[in-house]
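These notes concern the structure reproduced below.
Counting starts at 1 for both ligands and their atoms, following the listed order. Keep in mind that what you see is a predicted model, and the values were worked out from it rather than measured.
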Amino acid sequence: MSTAFLSQYGPWALVTGASSGIGEEFARQLAAKGLNLVLVARRADRMQALAEQLSQQYPIETRVISLDLTDPNFLSTLTPQVEDIEIGLLVNNAGMMLNGPIHKVDLRRHQQLLALNCEAPLMLAHYYGKAMRARKQGGIIFTSSVSAFMSVPYMSHYAASKAYVLSLAESMSYEMRDANVAVQALCPGYTETEMTAGIKGNIKMMTPTEVVKESLDNLGSKFTVINGANNRRQVWMMRKLFSRKRALEMVGKMMKKN
Ligand code: NAP
């Protein structure tokens, strides 16, 4: 258990998308650091099982809140259930991906993506960021993606939503640092989770354990964390070696082939 981490980011962490993948792993690693957990996603059974396991393994308390973050009123369902506790760390992690040419995906699915990937993290960061500023303590992690650094045809809206999250997190980190609130944009590349389960081909993926460890090890020191040397190299090449036009052509060709 890390006392310094616990006193800066405890006593409670709220993790969205905690029912699987990277969010579940955030819950596991934060529990190991001694933080109490509020787990948020739709699948209550998965979160309940995780909460029971973690509270047996570590001396922590847990709360499970099952809700749909695309519901425009989700904040008024969530906040009364946690108003008696202090959220020291917000992990804005829940997200969804859409594949295919933008016009072939139903507009309602695009609107859901916008609500889940952009609007919900904004609403939560606005709400808890205010409280953290007042306390002069806390942290907010936004799960963005390496796709935030480039335009990605056939995954256009997902990449655009992650660019929004990256920009929001980076500028918030500047605004919040005088209040001792650490804000981080976490940018994983391909990671083994339910989201990537259907992806075929010879893609080397990172594990959620590696991704989350890198995030938590760098919270408070780096405002943008790109996971893994391969992903950092890829982002560096896209930003420094190629023009946006060239990068678009290269990524577009690759995505079209896949
Ligand atoms: P995942 O296993 O599919 O997890 C997604 C999480 O979001 C689940 O817990 C899911 O829970 C929750 N969620 C989805 N729709 C929701 C809704 N309407 N309301 C509330 N919760 C909802 O995928 P993951 O890879 O761990 O994704 C976590 C984050 O990492 C996402 O923001 C994703 O964009 C980002 N990311 C992933 C990769 C990758 O390669 N896997 C790469 C870069 C970035 P329920 O279904 O129970 O609601």
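- Looking at atom 12 (C) of ligand 1, its nearest protein heavy atom turns out to be Gly17 CA, 3.7 Å.
- In Leu67, the part holding a heavy atom less than 4.0 Å from any atom of ligand 1 is the backbone.
- Using a 4.0 Å cut-off to heavy atoms of Tyr190, the atoms of ligand 1 that qualify are 40 (O).
- At least one heavy atom of Lys162 sits closer than 4.0 Å to an atom of ligand 1.
- The cationic group of Arg244 does not satisfy the cation-pi geometry with Phe242, failing either the under 6.0 Å distance to the six-membered ring centre or the 45° limit from the ring axis.
- If you number the atoms of ligand 1 from 1 as listed, the ones under 4.0 Å from a heavy atom of Ser20 come out as 1 (P), 2 (O), 4 (O), 8 (C), 9 (O).
- Atom numbering of ligand 1 starts at 1 in the shown order; those under 4.0 Å from a heavy atom of Thr70 are 18 (N).
- Among the atoms of Ile22, some N or O lies under 3.5 angstrom from an N or O of ligand 1.
- Remark: ligand 1 atoms within the under-4.0 Å shell around heavy atoms of Gly21 are 2 (O), 26 (O).
- Each of Val15, Val64, Ile85 was scored for a side-chain contact (heavy atoms from CB on, under 4.5 Å) with Val38, with one residue passing: Ile85.
- In this structure, CG in Asn180 is found 6.5 Å from CD in Gln137, a value given to the nearest 0.5 Å.
- Nearest to atom 41 (N) of ligand 1 by heavy atom, out of Ile199, Thr193, Asp71, is Thr193.
- In this structure, the separation between OH on Tyr158 and CG on Leu113 is 8.5 Å, given to the nearest 0.5 Å.
- Close N/O approach between Gly23 and ligand 1 is not found [any backbone or side-chain N/O within under 3.5 Å].
- A side-chain donor from one of Gln112 and Arg109 sits under 3.5 Å from a side-chain acceptor of the other.
- Taking every non-hydrogen atom of Glu194 and a distance limit under 4.0 Å, the qualifying atoms of ligand 1 come out as 2 (O), 3 (O).
- Of all the atoms in ligand 1, the ones that sit under 4.0 Å from a non-hydrogen atom of Thr143 are 29 (C), 30 (O), 35 (C).
- For the atom pair CD1 (Ile22) and OG1 (Thr193), the distance works out to 6.0 Å, reported to the nearest 0.5 Å.
- Under the side-chain contact (heavy atoms from CB on, under 4.5 Å) test applied with Leu30, the options Phe5, Trp12, Tyr58 reduce to a single match, Phe5.
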Could you give me the CA-CA distance, side-chain angles and deciding distance for Asn117 and Met97, then say whether side chain to side chain contact (heavy atoms under 4.5 Å, CB included) is met? CA-CA 9 Å; Asn117 291 11; Met97 183 161 62; over 6 Å; no
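- Listed by number with element, the atoms of ligand 1 under 4.0 angstrom from any heavy atom of Thr196 are 39 (C), 40 (O), 41 (N).
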Chi angles and distances behind the salt bridge (charged side-chain N to carboxylate O under 4.0 Å, His left out) call for Arg43, Glu194: CA-CA 13 Å; Arg43 287 170 293 178; Glu194 289 177 11; 3.2 Å; yes
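- Considering OG of Ser144 and CG of Asn93, their distance stands at 11.5 Å, rounded to 0.5 Å.
- Residue Ser144 touches ligand 1 through its backbone alone, judged by heavy-atom distances below 4.0 Å.
- At a heavy-atom cutoff of 4.0 Å, ligand 1 is contacted by both the backbone and the side chain of Asp68.
- The protein heavy atom nearest to atom 27 (O) of ligand 1 is Met195 CE, 3.9 Å.
- Around atom 47 (O) of ligand 1, the closest heavy atom drawn from Pro208, Ser19, Ala197, Ala18 belongs to Ser19.
- Contact annotation: for Arg46 versus ligand 1, there are no heavy atoms closer than 4.0 Å.
- Of the options Asn93, Asn231, Ile65, the smallest heavy-atom separation from atom 31 (C) of ligand 1 is shown by Asn93.
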